[in-house]
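Presented below is the structure to which this report refers.
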Amino acid sequence: MFVASDATALVRHTRRVVYLDDGEVALVRADGYETATLDGGPTAKTPSTITWTSEAFDKGEFAHFMRKEIAEQPERSGAR
């Protein structure tokens, strides 16, 4: 099992992904996962199959996809 903020970080490792909706959490174990709402109500998620190849995505100069995502965030004008 892998956990990532974006499926592009996983294409080198798996083709099956489960997307969480806003307000959902997942309990991930080596043998499976469970999903639920933030208030504890169970949800049922069906894995999706991604069709992209790992060559379609590149981390560029970044060591990790998370660092790339942070760097790609738009600048906020007037941020405090």
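Residue numbers count from 1 along this sequence. All values below were derived from every heavy atom in this structure, side-chain atoms included, with hydrogens, water molecules and symmetry-related copies excluded.
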Worksheet item: Checking side-chain contact (heavy atoms from CB on, under 4.5 Å) for the pair S5/M66: CA distance, chi angles, key distance, verdict?
Response: CA-CA 8 Å; S5 60; M66 181 65 73; 3.7 Å; yes

Worksheet item: What's the verdict on side-chain contact (heavy atoms from CB on, under 4.5 Å) for Y33 and L27, showing C-alpha distance, side-chain angles and the deciding distance?
Response: CA-CA 5 Å; Y33 66 93; L27 171 63; over 6 Å; no

Worksheet item: So T35 and L20, side-chain contact (heavy atoms from CB on, under 4.5 Å) or not? Walk me through it.
Response: CA-CA 8 Å; T35 59; L20 298 179; 3.7 Å; yes

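Across all non-hydrogen atoms, the minimal contact from M1 to D31 is CE-C, 4.4 Å. Nearest heavy atoms, P47 versus R16: CG-NH2, 3.4 Å.
Under the side-chain contact (heavy atoms from CB on, under 4.5 Å) test applied with F2, the options V17, L10, V28 reduce to a single match, L10.
Salt-bridge annotation for R29 and E34: present, with a side-chain N of the basic residue lying under 4.0 Å from a carboxylate O of the acidic one.
Within the model, atoms CZ of F62 and CZ of R67 stand 9.5 Å from one another, a figure rounded to the nearest 0.5 Å. Once rounded to the nearest 0.5 Å, the distance linking CD1 of I50 with OH of Y19 reads 6.0 Å.
Side chains of E24 and T37: a donor-acceptor N/O pair is absent below 3.5 angstrom, by distance only.
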